[in-house]
Structure formats: C-alpha cells, structure tokens
Engineer: 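Let me begin by handing over the structure; questions about it come next.
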Amino acid sequence: MRGLLTLRTLSSPEIMEIIELAIRFKKGWTVNFPGKKMVNLFYENSTRTQYSFQMAMINLGITPVSFNLAGSSVAKGETLYDTVRTFESLGVDGVVIRHSQDVYYRDLETIKVPIFNGGDGSSDHPTQTLLDLMTIYEEFGRFEGLKIALIGDIAHSRVAHGNAEVMKRLGMKVYVSGPEQFSDDKTGEYIEMDKAVETCDIINLLRVQFERHKEQMNISKEEYHARYGMTVERVARMKKNAIIMHPAPINRGVEIASEVAECDCSRIYKQMENGVYVRMAVITLALQGKL
Ligand code: CP
C-alpha cells in the first residue's frame with residue numbers, strides 16, 4: 001500500500017526526511033501538483049487533521065474533493081473498502097481516512113492510490129506524531145536524551161501510542177502519567193504528575209476522550225484538573241526551556257487551565273501550524289512515489 005499508514009514501518013532516517021521536508025515548506029519552498037485531486041474521508045469528527053490536510057492540498061495546487069459522510073452512501077451501509085474503491089474509480093490521486101477501527105487499512109490492501117491515515121481507532125495518528133516531532137525538533141534541535149511525559153487518557157489515545165513508539169526509537173525517554181483507569185503498561189514508565197512537571201522537557205497533555213469511554217470516568221473533571229491538569233501553579237514549577245504540547249481539541253479546565261493554553265511555554269498553536277507543513281511533506285513524497 002502507498003501513502004502513510006503508520007510510522008512503525010518507517011526508519012528513523014525516513015522519518016527525519018519527512019520532518020526536514022516539512023521544515024523546508026515552512027521556510028517557503030513550494031511544489032505544485034496541477035490537475036491532482038484528493039479526498040478526505042473522515043468517519044470520525046475532526047477539525048485540525050481534516051482541514052490541515054485540505055490546506056496542505058490547496059498549498060500544493062491539489063483540488064480537494066468534498067465528502068459528506070452523512071449524505072454519502074455510507075449511510076446506506078456501503079463499506080469502507082467500497083467507498084475508497086469508488087473514489088479511486090472516480091479518479092482521485094489520494095485519500096485521507098480517519099476511522100474508529102484500529103488498523104482499518106488492512107481491508108484496503110488492493111487500493112492503488114496513496115492512503116494517508118488521519119487516525120485509526122486508538123492505534124495510530126502518524127501525521128500528528130510527525131507534527132509533534134517537528135515541533136520538538138524546532139524547539140530543541142534534537143530528540144536524543146529528551147524526556148517527555150504523556151499525561152492523561154493513555155489507554156484511549158492513538159497519539160500516545162503512536163508518539164511513544166517513535167519517540168523511544170529516536171532516543172527520547174517516554175514517561176506516562178494520569179489516572180490508573182486510563183493507564184496501560186506498554187506506553188512508557190509511570191511518573192507522578194508533579195515530578196513530570198519538574199523534570200521533563202516536554203509535557204504532552206492528552207485530551208480526556210469522553211466519547212471513547214465505555215465506563216464513566218471515576219474521577220470528576222475538577223479532581224482530574226487538580227491532580228493531572230496543567231495549572232498556572234504547575235507551569236511555574238516547569239524546568240527552564242520546557243514546553244507544553246497538546247494535540248487538541250483541548251478540554252479547558254480539565255487537562256489544561258484556559259490561561260495555560262496560550263502561555264509562553266505552550267506550543268499548542270505551533271503544533272497546529274506545523275500540521276499543514278508535515279501534511280504537505282507526506283503528500284509530496286507519496287505523489288513523487290517515495291512513500
Ligand atoms: N489533533 C487532532 O487530531 O485534532 P482533530 O481531531 O481536530 O483532527
């Protein structure tokens with residue numbers, strides 16, 4: 001299969017090549033793909049991923065084809081495979097997909113146009129990982145030796161699972177923190193929230209994914225904020241030059257205090273900006289036959 005489905009199958013130099021191309025785009029380099037068309041197939045809600053892919057397409061001279069899930073034949077029971085195969089027949093040159101099923105792309109092995117994974121279940125979100133890496137690289141100029149704490153709803157987070165795998169490979173020390181109810185034992189070493197705040201270079205907050213919870217969260221939002229939220233008081237105790245990241249959307253007053261979201265050490269909006277450039281990079285490499 002072509003495109004970008006997961007970073008797990010890419011080597012560290014291949015991941016760096018994407019980040020370096022994204023940085024070139026950010027500095028003003030351009031590529032144009034006149035006549036190309038792509039479609040976003042989002043089976044789950046999205047603002048950043050869906051529209052930054054669309055911005056990336058526009059910046060590259062690619063025409064985005066609109067897709068309305070509710071008004072499509074998905075509502076009549078058409079499968080993901082048949083939907084993608086249809087757009088391939090209609091002549092699109094690439095497809096971006098977000099779907100609630102882990103590794104949904106296993107069903108799409110015979111599709112020939114590049115597929116870009118905009119998030120699969122709680123497994124992976126490769127372009128989010130890339131934009132997170134780009135943001136870290138711009139900040140620190142390296143990955144080796146950096147300490148990152150992933151804080152929050154680890155169990156339901158494709159960002160936590162995808163980021164942890166690649167970050168460890170790039171030489172970062174990955175810690176996790178948050179309520180036991182949301183923890184898993186494979187993503188990283190557990191660290192107390194206050195120790196993470198004082199010792200880590202990157203505090204990577206995660207959204208509490210209320211919509212994925214089968215059981216009710218067993219602590220209140222107020223208690224979550226007090227125990228694991230990034231408050232003004234915790235920001236004051238952060239290591240010098242440490243940064244706060246969050247894939248967003250943010251739950252203000254739950255995992256982050258509203259005023260912290262845009263404080264000097266927050267890189268949340270820079271992450272969103274970098275999302276356009278990494279998506280330009282992966283589309284470019286795929287349309288050039290390199291992904
Ligand atoms: N970070 C992220 O994936 O945001 P969206 O769900 O809005 O795309």
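The analysis underlying the following values was restricted to heavy atoms, covering all of them including side chains, and did not include hydrogens, waters or symmetry mates. In this text, all values refer to a predicted model and were calculated from it rather than measured experimentally. Atoms within a ligand are numbered from 1 in the order they appear, just like the ligands themselves.
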Engineer: Does atom CG (D107) have a neighbourhood of more than 12 heavy atoms from anything else shown, all under 6.0 Å?
Structural biologist: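 Atom CG in D107 is packed in, count exceeds 12.
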Engineer: Counting only N and O atoms by type, is there a donor-acceptor contact under 3.5 Å from the side chain of K186 to the main-chain atoms of D184?
Structural biologist: no
Engineer: For residues 223-268, which residue pairs pass the ring pair (Phe, Tyr, Trp, His ring centres under 6.0 Å) check, not counting sequence neighbours?
Structural biologist: Y224-Y228
Engineer: Distance-only check: which donor-acceptor pairs under 3.5 Å involve side-chain atoms of residues 1-10, not counting sequence neighbours?
Structural biologist:
from, atom 1, to, atom 2, distance (Å)
R2, NH1, K112, O, 3.3
R2, NH2, A286, O, 3.3
T6, OG1, R8, N, 3.1
T6, OG1, D124, OD2, 2.7
R8, NE, D124, OD2, 3.1
R8, NH2, S123, O, 3.0

Engineer: For each nitrogen or oxygen atom of ligand 1, which protein N/O atoms lie closer than 3.5 Å, and how far apart are they, rounded to 0.1 Å?
Structural biologist:
from, atom 1, to, atom 2, distance (Å)
ligand 1, 1 (N), Q128, OE1, 3.0
ligand 1, 1 (N), P247, O, 2.8
ligand 1, 1 (N), A248, O, 2.9
ligand 1, 3 (O), T49, OG1, 2.9
ligand 1, 3 (O), R98, NH2, 2.9
ligand 1, 3 (O), H125, NE2, 2.9
ligand 1, 4 (O), R48, NE, 3.1
ligand 1, 4 (O), A248, O, 3.3
ligand 1, 6 (O), R98, NH1, 2.9
ligand 1, 7 (O), T47, N, 2.8
ligand 1, 7 (O), R48, N, 3.0
ligand 1, 7 (O), R48, NE, 3.2
ligand 1, 7 (O), R48, NH2, 3.0
ligand 1, 8 (O), S46, OG, 2.6
ligand 1, 8 (O), T49, N, 2.9
ligand 1, 8 (O), T49, OG1, 2.7
ligand 1, 8 (O), R98, NH2, 3.2

Engineer: Is the count of non-hydrogen atoms from other residues, nucleotides or ligands lying under 6.0 Å from K239 atom NZ greater than 12?
Structural biologist: yes
Engineer: Excluding sequence neighbours, so at least two apart, what forms ring-ring contact (aromatic ring centres under 6.0 Å, His included) with F33?
Structural biologist: none
